[in-house]
Novice: 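There's a structure below that I have some questions on.
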Amino acid sequence: MNTEATAASAEQLRARMVEKVRGDGFATNPRVERALRQMPRHEFVPEADLQTAYHPFEAVITHRFADGTSLSCASAPFVVAMMLDQLDVHPGHRVLEIGAGTGYNAALLAELTGDSRLVTTIDADPEVTEQARRNLNAAGYGHTHVVTGDGTHGVPENGPYDRIIATVSPWDIPPSWWQQLAPAGRMVLPLRWRGQTRAVALAERGGKLVSDGVELCGFVPMTGDTEGERTAPITDDGTVNLHWDRDQPIDPAKLRGVLDTLHTSRWSGHMMVANEPFDGIWLRLTAEDNRTCRINAHPNVPRELVTPLAPMRSPALADGESLAYVTQHRHRTEEGPRWELGAIGHGPNAAALADRLVEVIEHWAHAREQRPTIIAYPADAASTEHDYGATIEKRHSRLAVTYTPEPDQPAKNHQRF
């Protein structure tokens, strides 16, 4: 192999990767852009070809569980850039990374902080940390601290940290992360609540964490005693599942077979074009209704049984023996095909739940780009300070998810039961 030609090809592909990532609105921080342009990503995923290593929108899977699901990967470059933008690392910052992956992200963090000795990365899997250590040594970041252990405990001996970032998806914020974050520090966490995952940028403000960025993402779930998501089938063959949180009074036994009952449909009148994102509906639902959960239908499930907006991941409301989920209906128009958003409900409370989903679709449609503020409090905090929105109780923390009301919308608590 001509190594000189390969190096030139890698450099060209890396430059193209960065341009595409920037074209989608990421790597807006010049220091993040510079680090991405300089870092030889392909050396951290040697099993991948150059085209795969530098694909701007695809992750590279490096480890799998026995069932074939992803255990560890090099995240897609646009996600890496997005979260590093959110993290806002400055020279001299001490950084903790939860989830070592290939070591690529830790190397980028070392570039951003200016000293690899200030970066600590931890992972529970010794094979993952061994690979990260090997890659970091080879790339010239041998002073980075690579620790094998439970990431929920952090690494107190190297703290406190100005920045904490997780590259696995926690359901909760462990107490150790609060304790090891320096005053006025920042965390960027791909947090899960109500069945969806968001990269949330959180700034420490007097004992609480306040978001200034909330972006859609997907990561391997972080396991351990901080886990609080529940999953159960609602069909006898297990092809349709419900996902909800431990603080929600959902009994899956009451919903078993609910999809076999007569359904009620409601339509919103709001249209989407092909591939238009709808995740904002889900996010707004989490702030407006604490019954929000996720329905997951196997792609081979007959459409006569269930037709969620996205079969594997769609927002739903569950209440007692009733369930409603967001769906869509195709229309032919002069401008081309359009998809109308709506809801399908089953069970004794089907109509009310479907109407509720359509109401939230209406709220979303009038402010599609609006994002909420997430405020995280320790679970033992005496009170929260928001007047409207939802409070989500986790084991070690409490999340307040709030939207600024529209001018014609009073500031009130939108939860309805």
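Predicted model, so just to flag it, every value in this text is computed and none were measured.
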Novice: With no hydrogens and no angle check, is any side-chain donor or acceptor of Q180 less than 3.5 Å from a backbone partner on H153?
Specialist: yes

Novice: Grab the two heavy atoms, one from V45 and one from A53, that are nearest each other, plus how far apart they are.
Specialist: CG2-CB, 3.7 Å

Novice: Taking H93 for its side chain and H90 for its backbone only, find out whether a donor-acceptor pair lies under 3.5 Å.
Specialist: yes

Novice: Taking S169 for the side chain and G218 for the main chain, is one N or O donor matched with an acceptor at less than 3.5 Å?
Specialist: no

Novice: Do L108 and L36 have side-chain heavy atoms sitting under 4.5 Å apart?
Specialist: yes

Novice: Between Y54 and R14, is a side-chain hydrogen bond (donor to acceptor under 3.5 Å, both in side chains) present by the stated rule, with each step listed?
Specialist: CA-CA 6 Å; Y54 288 108; R14 186 159 62 251; 2.8 Å; yes

Novice: Supply the atom-to-atom distance R356 CZ to D319 CG, rounded to the nearest 0.5 angstrom.
Specialist: 12.0 Å

Novice: Would you kindly check if the NZ (Lys) or CZ (Arg) of R94 is within the cone defined by 45 degrees around the ring axis of Y161 and under 6.0 Å from the six-membered ring centre?
Specialist: no

Novice: Could you go through the side-chain contact (heavy atoms from CB on, under 4.5 Å) check for T152 and M222 one step at a time?
Specialist: CA-CA 9 Å; T152 62; M222 185 176 191; 3.4 Å; yes

Novice: If you take all heavy atoms of P170 and L189, which pair is closest and at what distance?
Specialist: CG-CB, 4.5 Å

Novice: In plain terms, say whether E321 and K254 are close enough for a salt bridge, that is, a side-chain N and a carboxylate O under 4.0 Å apart.
Specialist: no

Novice: State, with a plain yes or no, whether a side-chain heavy atom of P277 is found less than 4.5 Å away from one of M272.
Specialist: no

Novice: Does NE2 in H143 sit with more than 12 non-hydrogen atoms of other residues, nucleotides or ligands closer than 6.0 Å?
Specialist: no

Novice: How many angstroms lie between CD in E157 and NE2 in H145, if you round to the nearest 0.5 Å?
Specialist: 9.0 Å

Novice: If only atom types and distance count, is the side chain of Q370 paired as donor or acceptor with the main-chain N or O of T404 below 3.5 Å?
Specialist: yes

Novice: How long is the span from the CH2 atom in W364 to the CD1 atom in I361, to the nearest 0.5 Å?
Specialist: 8.0 Å

Novice: Would you say D123's side chain and T129's backbone share a donor-acceptor pair under 3.5 angstrom?
Specialist: no

Novice: Determine the minimum heavy-atom distance between F44 and A139, stating which atoms define it.
Specialist: CZ-CB, 3.6 Å

Novice: With D247, which of R194, R230, K394 fulfils salt bridge (Lys or Arg N to Asp or Glu O under 4.0 Å)?
Specialist: R194

Novice: Sequence neighbours excluded, which residues qualify as salt bridge (Lys or Arg N to Asp or Glu O under 4.0 Å) partners of R31?
Specialist: D88

Novice: Tell me the closest heavy-atom pair linking W193 and I392, and the distance in Å.
Specialist: CD1-CD1, 3.3 Å

Novice: State whether the side chain of S75 and the backbone N or O of A59 hold a donor-acceptor pair below 3.5 Å, judged by distance alone.
Specialist: no

Novice: Can a donor-acceptor pair be found, under 3.5 Å and without considering hydrogens, that links the side chain of S322 to the backbone of N349?
Specialist: yes

Novice: For D172, enumerate each residue passing the side-chain hydrogen bond (donor to acceptor under 3.5 Å, both in side chains) test, keeping only those at least two apart in sequence or located in another chain.
Specialist: S397

Novice: Nearest 0.5 Å, please: how far is CD1 in I344 from OG1 in T307?
Specialist: 3.5 Å

Novice: Could you list the donor-acceptor pairs under 3.5 angstrom formed between side-chain atoms of residues 237-244 and any protein atom two or more places apart in sequence or on another chain?
Specialist:
residue, atom, partner, partner atom, Å
D237, OD1, T235, OG1, 2.9
D237, OD1, T239, N, 3.1
D237, OD1, T239, OG1, 2.7
D237, OD2, T239, OG1, 3.3
N241, ND2, G238, O, 3.2
H243, ND1, T231, OG1, 2.9
H243, ND1, R294, NH2, 3.4

Novice: Within this structure, what is the CD1-CG distance for the pair I165 and L109, rounded to the nearest 0.5 Å?
Specialist: 6.0 Å

Novice: Please report the C-alpha distance between E362 and H366 in whole Å, then the side-chain angles of each, then the deciding distance to 0.1 Å, and finally whether the side-chain hydrogen bond (donor to acceptor under 3.5 Å, both in side chains) criterion is met.
Specialist: CA-CA 7 Å; E362 182 83 17; H366 290 298; 2.8 Å; yes

Novice: Before giving the answer on side-chain contact (heavy atoms from CB on, under 4.5 Å), spell out for T292 and L317 the whole-Å C-alpha distance, their side-chain angles and the decisive distance to 0.1 Å.
Specialist: CA-CA 5 Å; T292 302; L317 296 177; 3.7 Å; yes

Novice: Look up atom CD in E33 and atom CD in E19, then write down how far apart they are to the nearest 0.5 Å.
Specialist: 6.5 Å

Novice: Do L209 and I173 make a side-chain contact, defined as non-hydrogen atoms from C-beta onward lying under 4.5 Å apart?
Specialist: yes

Novice: Quick one, E130 and R133 - any side-chain contact, counting heavy atoms below 4.5 Å?
Specialist: no

Novice: Is there a side-chain contact between E276 and R368 (heavy atoms, below 4.5 Å)?
Specialist: yes

Novice: Where is the tightest heavy-atom contact between R37 and R22, given as atom of each residue plus distance?
Specialist: NH2-CD, 4.4 Å

Novice: Any donor-acceptor pair under 3.5 Å linking the side chain of Q248 with the backbone of D245?
Specialist: yes

Novice: In the structure I gave you, are the side-chain heavy atoms of R186 and D162 within less than 4.5 Å of one another anywhere?
Specialist: no

Novice: More than 12 foreign heavy atoms under 6.0 Å from CZ of R117: is that the case here?
Specialist: no

Novice: Quick one: list whatever passes salt bridge (Lys or Arg N to Asp or Glu O under 4.0 Å) with E227, sequence neighbours left out.
Specialist: R192

Novice: Aromatic contact between W339 and H329, with the criterion being ring centroids under 6.0 Å apart: yes or no?
Specialist: no

Novice: When you compare the side chain of R266 with that of S268, does any pair of heavy atoms fall below 4.5 Å?
Specialist: no

Novice: Does A343 have any side chain to side chain contact (heavy atoms under 4.5 Å, CB included) partners at least two apart in sequence or in another chain, and if so, which?
Specialist: A354, L357, V358

Novice: Any donor and acceptor pair, going by atom type alone, linking the side chain of S211 with main-chain N or O of T373 inside 3.5 Å?
Specialist: no

Novice: For a side-chain contact (heavy atoms from CB on, under 4.5 Å) check, start with the C-alpha distance between T148 and D125, then their side-chain angles and the critical distance, and finish with the verdict.
Specialist: CA-CA 7 Å; T148 303; D125 190 319; over 6 Å; no

Novice: Any idea which heavy atoms bring M82 and A199 closest together, and the distance?
Specialist: CE-CB, 3.9 Å

Novice: Decide side-chain contact (heavy atoms from CB on, under 4.5 Å) for F57 and V79; before the verdict, give the C-alpha distance in whole Å, the side-chain angles of both, and the deciding distance to 0.1 Å.
Specialist: CA-CA 8 Å; F57 307 116; V79 174; over 6 Å; no

Novice: Any luck finding a side-chain donor-acceptor pair between Q196 and R198 under 3.5 Å?
Specialist: yes

Novice: Okay, side chain of E204, backbone of G206: is any donor-acceptor separation there less than 3.5 Å?
Specialist: yes

Novice: T226: what forms a side-chain hydrogen bond (donor to acceptor under 3.5 Å, both in side chains) with it, not counting sequence neighbours?
Specialist: none

Novice: Just checking, R284 and Y403: is the charged tip under 6.0 Å from the six-membered ring centre and within 45° of the axis?
Specialist: yes

Novice: Could you check if a side-chain atom of E97 sits within less than 4.5 angstrom of a side-chain atom of T120, using non-hydrogen atoms only?
Specialist: no

Novice: Quiz question: by atom type and distance under 3.5 Å, do the side chains of H270 and E340 form a donor-acceptor pair?
Specialist: no

Novice: Report the C-alpha distance between E43 and Y104 in whole Å, list the side-chain angles of each, state the deciding distance to 0.1 Å, and finish with yes or no for side-chain hydrogen bond (donor to acceptor under 3.5 Å, both in side chains).
Specialist: CA-CA 9 Å; E43 294 182 6; Y104 174 67; over 6 Å; no

